[in-house]
Number of protein chains: 2
Amino acid sequence: MSDVGLKSDETVVEGEASRDVTDLILNDILAGLLLPGTWLKQIDLEKRYGCTRPEVRRALDRLAQKRLVEHVPNRGYHVYEPDGRRAAEVSDIRIILETAIAGEIIANASPDSIQKLRALAKRFDQTILLGTMLELYEANLAFHRELLTLGGNKELVELITEIRQRTSSAPVSQWRTRARIEQSGREHHLMINAIEAGDVEELKRLTIRHIRQS
Amino acid sequence: MSDVGLKSDETVVEGEASRDVTDLILNDILAGLLLPGTWLKQIDLEKRYGCTRPEVRRALDRLAQKRLVEHVPNRGYHVYEPDGRRAAEVSDIRIILETAIAGEIIANASPDSIQKLRALAKRFDQTILLGTMLELYEANLAFHRELLTLGGNKELVELITEIRQRTSSAPVSQWRTRARIEQSGREHHLMINAIEAGDVEELKRLTIRHIRQS
DNA sequence: GTTACCAAAATTGGCGCCAATTTAGGATAC
DNA sequence: GTATCCTAAATTGGCGCCAATTTTGGTAAC
């Protein structure tokens, strides 16, 4: 009967009404507001986001396609439980792809783009102090997207952005401690240094360590 | 006014009614029945597949998410035009991933799995003679999925299966001539030989050639 | 006291209708 | 004869209702 973390009489989020409900729910999952396992009752989402039933259902269907929520027919939608094996596999895929384009990244890195990367890395550092978990996640994503874009393969940028989302509860489980978050911030700068120095092998080493977080 | 290749009074496809409409439309796109650029009118799909309006709309929304059809608000859905750059980028991604796991494939290849691969390769060869374009596409996919599965990363298998679909009209544009199809069939056997011989570098070379088709 | 069964409440999901937008065709003015 | 505006047909897309299924709570039988 009782759902976890969702109350029917909760304050309606009246943010930009034009934005799609799918993104709103996605953000709440990524922000850790909707914890893994949470039963996403349609009537509650309807009230929470101030939208209609069909909108909710379309959003849930899309999230199920993206494998962010699990759908059991006639029994509703639940936020996916974190899966250790899947997360590890996604990490392996990221390592393969991101080390493979390390050479292209360095070859295409202009002084202009390096400056852009530094700005994004700094924004990440500042968000550690001032921002929310979701903002941190987005600042991190922005840095990595800019980095991948230098590889010159747009499809690859979108692909990695997509599979990153798939390991839901990412921001929650990814950075356990503040020390680990700050380490991530430092690694961003080290990666930029490697790019500036034109050291492909060093960039690959740093990339592996950054993704594995070990 | 007039849509391309779809007629309202066309015969209703009364295949397994239980299967999802999404797959039916997907198959028709992959089979080349719905050519790139085709305007997918909801009322026509409704009649063609003998289903309701909401079912059609859900299917179109899913295909739009998968980027197989293009959606312009208030102006309907169209089958994506083939994009040379995107297709090339997807090929590059496949090459990176499939060469990266060549070592694991060989390490995990048991006599049993090699036999399975041979059977699938033969099924592809036979489908060249007897089957439709869609069956050929599926036989090819089955072989490559089995190959990738040996890599041990299930997420990677699903990922590649997914991005393969994204370059729509794949079967149509992929194998232009019968000679090229037969060449693909031969390459499958060469790849199995390389696996059996434990020659990682040869498998990588063959993989690149097979994906690039040059 | 425990178990099985039944009824009622709640939730999911399918379906059709109607409004909003776009497109095509025709009439009129220049 | 051509361009522009207006009207009508067609298509998309939003919304609410109702049926089907599941779950819960209570009751009765053992």
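Just so it is clear: chains get the letters A, B, ... in the order the sequence lines come, proteins before strands, and each one is counted from 1. Hydrogens, waters and symmetry mates are skipped; everything else that's a heavy atom, side chains included, is used.
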Identify the pairs formed between an N or O of the protein and an N or O of nucleotides 15-19 of chain D at a distance under 3.5 Å, and give each distance.
unit_1: D:dC15; atom_1: OP2; unit_2: A:Thr52; atom_2: OG1; d: 3.2

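Close to C:dT12, at under 4.0 Å from its OP1 or OP2, lies no side-chain N or O of A:His71.
Minimum heavy-atom separation, A:Asn153 to A:Leu156: OD1-N, 3.0 Å. Here the shortest heavy-atom pairing between B:Ser184 and B:Gln213 reads OG-NE2, 3.7 Å. For the residue pair B:Phe124 and B:Ile181, the shortest heavy atom distance occurs at CE2-O, 3.8 Å.
The nearest whole Å value for the distance from the CD atom in A:Glu46 to the C1' atom in C:dA10 is 14 Å. Look at NZ on A:Lys47: it is 12 Å from C1' on C:dA10, rounded to the nearest Å. Between A:Arg75 atom CZ and C:dA10 atom C1' there is a gap of 15 Å when expressed in whole angstrom units. Atoms NZ (B:Lys41) and P (C:dT22) sit 18 Å apart, rounded to a whole Å. Atom C1' of nucleotide D:dA10 and atom CG of B:Asn74 are separated by 13 Å, given to the nearest angstrom. Note: CD (A:Gln42) to C1' (C:dG14) measures 12 Å, nearest angstrom. Look at CG on B:Asp20: it is 14 Å from C1' on C:dG14, rounded to the nearest Å.
You'll find the side chain of A:Ile96 reaches within 4.5 Å of the side chain of B:Ile101, heavy atoms only.
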Please table the atom pairs, donor to acceptor, closer than 3.5 Å between any side-chain atom in residues 68-79 of chain A and protein atoms at least two apart or in another chain.
unit_1: A:His78; atom_1: ND1; unit_2: A:Gly37; atom_2: O; d: 3.2

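Picking from C:dT12, D:dT12, D:dG13 the nucleotide with the shortest atom distance to the side chain of A:Trp39 gives C:dT12.
Within a 6.0 Å radius of CD in A:Glu162, more than 12 heavy atoms belonging to other residues, nucleotides or ligands are found.
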